[in-house]
Amino acid sequence: MEVGIIGLGLIGGSLGLDLGDRGFTVLGVSRRESTCQRAIEKGIVDRANINLSLLSNADIVIICTPIGLIVPTLKELIPHLSKKTIVTDVGSVKTPIVEKCSKLWDKFIGGHPMAGTAEQGVEAAQRDLFKDAPYVITPRANTPKDSVKLLEEIAIRLGAKVYQCTPEDHDRAVALISHLPVMVSANLIKTCLGEEDPLILKLAQNLASSGFRDTSRVGGGNPELGVMMSQYNQKALLRSLLEYRQQLDQIIEQIEQENWQDLKQILEITKSGRVPFL
Ligand code: NAP
């Protein structure tokens with residue numbers, strides 16, 4: 001089976017490595033010639049170049065470009081596609097992409113493998129990135145069932161755990177567990193940087209250890225990705241942020257009023273409530 005990958009970066013490159021290992025023929029298209037060459041050298045793809053015509057006979061094409069380029073890439077790809085080809089994407093936001101892409105191509109299925117690292121580009125590609133990670137598929141009611149089944153089978157071959165839901169439910173759920181944490185963690189870093197006493201700031205930097213490393217990790221990631229999440233998932237992210245603000249106000253009030261019993265109750269709920277998310 002021929003799989004086409006467009007955008008040979010962290011996600012596209014990692015998919016290429018795993019799919020090649022599992023016997024698929026992998027064809028890659030990326031923006032830069034140098035990336036295509038590197039992908040061939042690293043064994044990510046069997047063949048690669050910068051022209052979408054390379055994918056004219058692919059059974060499935062996975063668009064792995066930055067979010068804002070997914071719809072324009074599909075538009076450019078369509079004149080080269082054969083009718084049998086299933087197209088999917090890996091974008092971290094689904095509603096605006098699925099709305100547009102499913103109108104352009106009836107065998108389009110939204111997808112989101114929920115795995116990543118802080119690195120970018122072809123050099124960041126790694127094997128087994130998707131093993132044991134959730135892989136969300138967001139078909140429409142009229143998406144051909146056999147196309148959905150094939151995408152599911154591919155995700156399972158990668159070792160991922162497949163979930164199906166609507167694009168809208170996906171976006172609300174990832175706003176809570178992925179996009180909100182980026183903003184909360186970014187604000188934690190910003191609050192620390194706002195310390196006006198240089199002595200305290202320096203001391204805090206010296207004393208920061210594993211707790212700060214865990215809680216600041218996602219806020220110190222790729223700024224472009226954070227902006228894209230906010231742009232493309234604005235409604236769901238704002239809903240989560242507003243709810244977060246209310247929760248924060250409640251904690252502030254309890255500390256101000258020395259309401260230690262209620263504060264303890266909240267922390268007991270969060271201690272046990274964290275477990276089902278992990
Ligand atoms: P990335 O490492 O920056 O890779 C994106 C690649 O797309 C770049 O290497 C670039 O290749 C290529 N590209 C850019 N414009 C292109 C174009 N017009 N045509 C073809 N290729 C083009 O980013 P990524 O982290 O893999 O993210 C890609 C997608 O995965 C995004 O939609 C993101 O939402 C999604 N995603 C990311 C993560 C994560 O944690 N990073 C997790 C799940 C899903 P060149 O080197 O050729 O310029």
Side-chain angles (χ1 to χ4, degrees), residues 4-19 27-42 44-45 48-55 58 61-78 80 87-98 100-101 108 110-126 128-138 155 158 160-161 163 167 170-171 173-175 177-179 181-182 185 217-233 237:
I5 297 177
I6 308 176
L8 298 168
L10 166 68
I11 301 295
S14 302
L15 281 170
L17 285 170
D18 282 357
L19 292 170
L27 309 173
V29 173
S30 213
R31 177 179 49 179
R32 287 178 292 175
E33 187 66 57
S34 56
T35 300
C36 296
Q37 280 315 312
R38 193 68 189 118
I40 295 170
E41 281 163 21
K42 284 181 65 115
I44 290 171
V45 290
N49 70 45
I50 56 169
N51 300 313
L52 292 167
S53 58
L54 179 70
L55 310 179
V61 172
I62 311 175
I63 303 178
C64 304
T65 62
I67 298 177
L69 291 172
I70 293 172
V71 177
T73 299
L74 178 60
K75 283 184 183 158
E76 264 186 69
L77 175 68
I78 284 173
H80 302 282
V87 181
T88 183
D89 75 309
V90 296
S92 317
V93 175
K94 296 274 57 89
T95 310
I97 291 171
V98 175
K100 294 195 179 85
C101 290
F108 178 86
H112 181 198
M114 300 204 52
T117 69
E119 309 299 316
Q120 275 182 280
V122 69
E123 296 303 337
Q126 63 180 66
D128 288 329
L129 183 65
F130 311 100
K131 198 162 177 282
D132 298 325
Y135 198 120
V136 191
I137 295 176
T138 62
L158 297 171
K161 290 182 267 181
Y163 295 89
H170 166 275
D171 289 354
V174 296
I177 52 86
S178 175
H179 303 171
V182 169
S185 171
R217 185 177 67 80
V218 293
N222 180 357
E224 281 144 33
L225 208 60
V227 174
M228 284 208 187
M229 287 169 180
S230 314
Q231 262 183 309
Y232 288 88
N233 202 17
L237 176 57

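Starting from 1, each residue takes its place in the sequence as its number. First listed ligand is number 1; within each ligand, the first listed atom is number 1.
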key: Heavy-atom proximity to atom 47 (O) of ligand 1, best of Ser14, Gly116, Ser30, Gly28   =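 Closest candidate by heavy-atom distance is Ser30.
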[X] to ligand 1, any heavy atom closer than 4.0 Å:
{"X": "Glu119", "answer": "no"}
{"X": "Ala115", "answer": "yes"}
{"X": "Ile6", "answer": "yes"}
{"X": "Pro113", "answer": "yes"}

Subset of ligand 1 atoms that lie under 4.0 Å from at least one heavy atom of [X]:
{"X": "Gly7", "answer": "7 (O), 12 (C), 21 (N)"}
{"X": "Gly91", "answer": "32 (O), 34 (O)"}
{"X": "Gln120", "answer": "2 (O), 3 (O)"}
{"X": "Ile67", "answer": "32 (O), 34 (O)"}
{"X": "His112", "answer": "43 (C), 44 (C)"}

Does any N/O atom on [X] come nearer than 3.5 Å to any N/O atom on ligand 1?
{"X": "Arg31", "answer": "yes"}
{"X": "Thr73", "answer": "no"}
{"X": "Gly121", "answer": "yes"}

Nearest neighbour in protein (non-hydrogen) for [atom]:
{"atom": "atom 5 (C) of ligand 1", "result": "Cys64 O, 3.8 Å"}
{"atom": "atom 26 (O) of ligand 1", "result": "Ile11 N, 2.9 Å"}
{"atom": "atom 9 (O) of ligand 1", "result": "Gly9 CA, 3.4 Å"}
{"atom": "atom 29 (C) of ligand 1", "result": "Thr65 O, 3.3 Å"}
{"atom": "atom 44 (C) of ligand 1", "result": "Val90 O, 3.2 Å"}
{"atom": "atom 34 (O) of ligand 1", "result": "Ser92 OG, 2.6 Å"}
{"atom": "atom 41 (N) of ligand 1", "result": "Leu10 CD2, 3.6 Å"}
{"atom": "atom 46 (O) of ligand 1", "result": "Thr35 OG1, 2.5 Å"}

inquiry  = I need the contact type for Met114 against ligand 1. Using non-hydrogen atoms and a strict under-4.0 Å cut-off, is it side chain, backbone, both or neither?
reply    =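 Neither; no heavy atom under 4.0 Å.
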task = Check the pair Leu15 / Val90 against side-chain contact (heavy atoms from CB on, under 4.5 Å), numbers first and verdict last.
result = CA-CA 10 Å; Leu15 281 170; Val90 296; 4.0 Å; yes
inquiry  = So for atom NZ, which belongs to Lys42, do other residues, nucleotides or ligands contribute more than 12 heavy atoms lying within a distance under 6.0 Å?
reply    =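 Yes - once you tally the heavy atoms of other residues, nucleotides and ligands closer than 6.0 Å, there are more than 12.
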task = Decide if atom CD of Gln231 counts as having more than 12 heavy atoms of other residues, nucleotides or ligands within a radius under 6.0 Å.
result =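 Above 12, so yes.
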Are the side chain of [X] and the backbone of [Y] linked by a donor-acceptor contact shorter than 3.5 Å?
{"X": "Lys94", "Y": "Gly111", "result": "yes"}
{"X": "Ser14", "Y": "Gln126", "result": "yes"}
{"X": "Asn51", "Y": "Ser53", "result": "no"}

Looking at every heavy atom in both [X] and [Y], which two are closest together, and how far apart are they?
{"X": "Asp18", "Y": "Phe130", "value": "OD2-CD1, 3.8 Å"}
{"X": "Pro96", "Y": "Asp171", "value": "CD-OD2, 4.0 Å"}
{"X": "Met114", "Y": "Val136", "value": "SD-CG2, 4.0 Å"}
{"X": "Val93", "Y": "His170", "value": "CA-CE1, 4.2 Å"}
{"X": "Ile97", "Y": "Phe108", "value": "CG2-CZ, 4.1 Å"}
{"X": "Ser30", "Y": "Cys36", "value": "N-SG, 3.7 Å"}

Side-chain heavy-atom pair Leu19, Ile62 within 4.5 angstrom cut-off =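 Side chain of Leu19 against side chain of Ile62, heavy atoms only: contact under 4.5 Å found.
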